[in-house]
Every structure is written in C-alpha cells, then in structure tokens.
**Q** 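This is the structure, below, for whatever I ask next.
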Amino acid sequence: ESGEFLINQQLSRHGIWQATAEFMGDEFFEPSSSKPISIEVKQLACTDGTLMNKCSGSNLCTSNLSLSFNCNVCGCQNGLICFSNQCMSEEEKTESLINRLQLSSVYITTDSGLGSGVIVYKENGQTLILTNRHVIDNNFDFVADRNIEIINFYNETARPMGIIVAPNDVDLALITISKDLGPVADVAANYTVVRGADILALGSPLGFHNSVSKGIVSNIVSSNTESGYRFTAIQIDAAVNPGNSGGGIFLTQNGKLIGITTYKSFIKQGQLAEGLGFALPVNLISKLDNWRPITPG
C-alpha cells in the first residue's frame, strides 16, 4: 500500500493498448515489474457499427450514438448534391434556390415606370430595400418619382417611409418601409467577384414579375459616374431588360447577393445590346458615405 508505481502504455495500430507496471520499491518490498498485458479498447460506435463521428452513407454517427442524416459532412449518393442539408439534383437545387430568393425580391412601380429591388435589412418593424436610384429618382434631381409602390412575391404592397440615395451619382438607393414583405437576402458584403461565377438575375423585366434568368459573371469592368466617381461594375451575360433594374444578382452556388442589375450597353440610341448587362457590386455600399434623403414626389 506504499511505494510508487511507474505505468508504461503503448497504443497499437488496432486499438489495443499494451500496459506494463513497475513497482519502484520501498522500505518493505523489493522493486518488481509486471509482465506486459494487452487491453483492447473498443471505440464508440452506432448500432450498425459506424464509429462515432464517421459516416454511413449520408448519415453521421453522432456523439449520442444515433445515425443522423448530414450530407453537409458525409456527402450524397448517386451523384446528387447537398444543398441546405438535403440531397437533390442540380435542377432541384436551382428550383429550391429560386423559390427562396424570390421571397427576398420585390418589384417597384412609379408613375415613371417600374423596376425591382431586394430586401437587405429588417429591424423594429421596418424593412430596408436596395434598388437603383433611377428606379425611384429617374432624373437624379433628388425628387422621388410619384406614387412609388413596392410589391412582394405574394402581391402584398407597401409605400416608402423614406428614401436615401448614394453619393457621387452612384445609381443606388435605399427605401425604408414600415412593413415586413419577406425575408432578408444573404448579402455577400465582403465577396470578391470572380469571372465565370454562375449567377441568377431576379427582377421584373418589361413587367414580367418574379422572372429569373441565368448566366455567368462575364467580366469585371471599370466605369465612372457623370460626376467622375470611379467604380467597378460586374458584367453579366444573363438576360436582363428594362424592369430588371434594381433586382438582385445572386450566386447560384449559395444564393448570396453580389450585385444589383443597373444598366445594359447600347448598340445605338434606343437599341440595347443582348448579353451585355452590368450590375453594381453590393460591396460598393460600404465604400460610400453621406447618403442623402430625397424629397417625396
């Protein structure tokens, strides 16, 4: 009951521990050593034998030793892809994504025309909608167009409480409304846009509400406003038309908002080029200070 012991342990490749004990001796007993003994350590596993934190198909053996579906960790079988922790085809993923993004998208009508917008923030019963300035202040004269109405996917409507516009003639505006029209879009504020990224363009081209077109980021181009402010625009090949202005450009990969459809290139006056659309990146917003309120029309 006295003295000291030295325990040596060694782990084998097969989960078997080998242990020996050596008695160091004291005033009553001589030192002695035990013979090596092997102890097999069984790892925790689910009932089907899957080790804890390991996968069985698309199921994960959790810490409570139950198999739970988790394709985010384990992947999917039969060539399906994992999206929102569900296994589905590429087409099903796109459909699911569109259904979600349409709830964050709105269309905007005024006496001067129509456009689109994206819900980007909600707090204390107020909703913030990002759009193009020319959708609600077509003349850039700090006077809002008359009879602005915001309509969501379910045809619920709201009118602006207030509107602020970006400085330096940048074609962006934020509309505040006192109504919940849908979920907030996932804004990729720090995303660096890359060429070739698959995108979805949502909006109301020519009044066809809740429309979607698909394409890629064709290029990243430098441009400038009439006041000389230089910015970077996203060139896209997705079909966009009048009415898409202010609508969101979303990554097909994860549904994040990366840009706001703003303009198309002209072939000549009155004739727009196809496949040459341009969007303002949402990461531009954090670079703009001193947004100004505009007067209701």
Side-chain angles (χ1 to χ4, degrees), residues 15 42-106 116 118-122 130 152-154 180-205 208-218 234 236-240 244 247-261 277 279 281-283:
K42 291 187 176 181
Q43 298 185 47
L44 296 175
C46 286
T47 54
D48 71 339
T50 303
L51 297 179
M52 188 176 72
N53 295 326
K54 300 296 181 181
C55 294
S56 175
S58 296
N59 295 308
L60 179 70
C61 182
T62 63
S63 57
N64 63 4
L65 303 185
S66 64
L67 285 172
S68 298
F69 185 83
N70 193 330
C71 62
N72 290 319
V73 174
C74 302
C76 294
Q77 310 300 309
N78 304 320
L80 299 178
I81 59 176
C82 183
F83 183 68
S84 298
N85 200 30
Q86 298 181 55
C87 289
M88 59 184 69
S89 68
E90 191 70 48
E91 291 78 10
E92 289 171 329
K93 174 197 170 183
T94 302
E95 180 186 15
S96 174
L97 190 61
I98 289 171
N99 290 339
R100 190 181 85 195
L101 298 179
Q102 285 181 324
L103 300 181
S104 300
S105 301
V106 299
S116 305
V118 185
I119 300 169
V120 292
Y121 187 74
K122 288 193 298 187
L130 179 63
N152 70 359
F153 180 78
Y154 298 109
D180 185 350
L181 288 183
V184 173
D186 189 359
V187 180
N190 298 316
Y191 174 74
T192 300
V193 182
V194 295
R195 287 183 293 179
D198 289 325
I199 54 97
L200 295 169
L202 274 70
S204 302
F208 290 93
H209 306 312
N210 303 313
S211 292
V212 183
S213 57
K214 189 175 181 180
I216 63 169
V217 173
S218 304
I234 306 169
I236 59 172
D237 71 343
V240 290
N244 272 110
I249 301 297
F250 301 89
L251 291 174
T252 307
Q253 177 186 9
N254 52 25
K256 289 183 180 292
L257 175 69
I258 64 168
I260 297 296
T261 303
V282 292
N283 59 20

**Q** If you measure from CG on L257 to CG on L130, what distance do you get to the nearest 0.5 Å?
**A** 7.0 Å

**Q** Using a strict SG to SG cutoff of under 2.5 Å, would you count C55 and C74 as disulfide-linked?
**A**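 Taking the criterion (SG atoms under 2.5 Å apart), C74 and C55 satisfy it, so yes.
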
**Q** Atom CD in Q102, atom CG in N210: separation rounded to 0.5 Å?
**A**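 Reported value, rounded in 0.5 Å steps: 5.0 Å.
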
**Q** According to salt bridge (Lys or Arg N to Asp or Glu O under 4.0 Å), does anything in residues 80-99 pair up with another residue at least two apart or in another chain? List the pairs.
**A** none

**Q** One pair to check against side-chain contact (heavy atoms from CB on, under 4.5 Å): N70 and V73. What are the steps and the verdict?
**A** CA-CA 6 Å; N70 193 330; V73 174; 3.6 Å; yes

**Q** For residues 184-204, run the donor-acceptor check on the side chains, cut-off 3.5 Å, and write out each pair with its distance to 0.1 Å, sequence neighbours left out.
**A**
| residue | atom | partner | partner atom | Å |
| --- | --- | --- | --- | --- |
| D186 | OD1 | K256 | NZ | 3.4 |
| D186 | OD2 | K256 | NZ | 2.9 |
| S204 | OG | H209 | ND1 | 3.3 |

**Q** Output the distance between atom OG (S68) and atom CG (L60), rounded to the nearest 0.5 Å.
**A**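 Rounded to the nearest 0.5 Å, the OG-CG separation comes out at 7.0 Å.
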
**Q** By side-chain contact (heavy atoms from CB on, under 4.5 Å), which residues pair with N283, not counting sequence neighbours?
**A** P281

**Q** Any chance you could measure T50, atom OG1, to N59, atom CG, to the nearest 0.5 Å?
**A**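 T50 OG1 to N59 CG: 8.5 Å, rounded to 0.5 Å.
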
**Q** Please tabulate, for the side chains in residues 79-87, all donor-acceptor contacts under 3.5 angstrom to protein atoms that are two or more places apart in sequence or on a different chain.
**A**
| residue | atom | partner | partner atom | Å |
| --- | --- | --- | --- | --- |
| N85 | OD1 | C71 | N | 3.0 |

**Q** So, using salt bridge (charged side-chain N to carboxylate O under 4.0 Å, His left out) as the criterion, who are the partners of K54 when residues are at least two apart?
**A** none

**Q** State the CG-SG distance between N53 and C46, to the nearest 0.5 angstrom.
**A**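 Between atom CG of N53 and atom SG of C46 there are 9.5 Å.
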
**Q** How far apart are the closest heavy atoms of F250 and G255, and which atoms are they?
**A**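 Heavy-atom minimum between the residues: CD2-O, 3.4 Å.
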
**Q** Rounded to the nearest 0.5 Å, how far does OG of S211 lie from CG of N244?
**A**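 N244 atom CG to S211 atom OG measures 7.5 Å (nearest 0.5 Å).
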
**Q** For N78, give me all partners under side-chain contact (heavy atoms from CB on, under 4.5 Å), at least two apart in sequence or on another chain.
**A**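 With sequence neighbours excluded, N78 shows a side-chain contact (heavy atoms from CB on, under 4.5 Å) to no residue whatsoever.
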
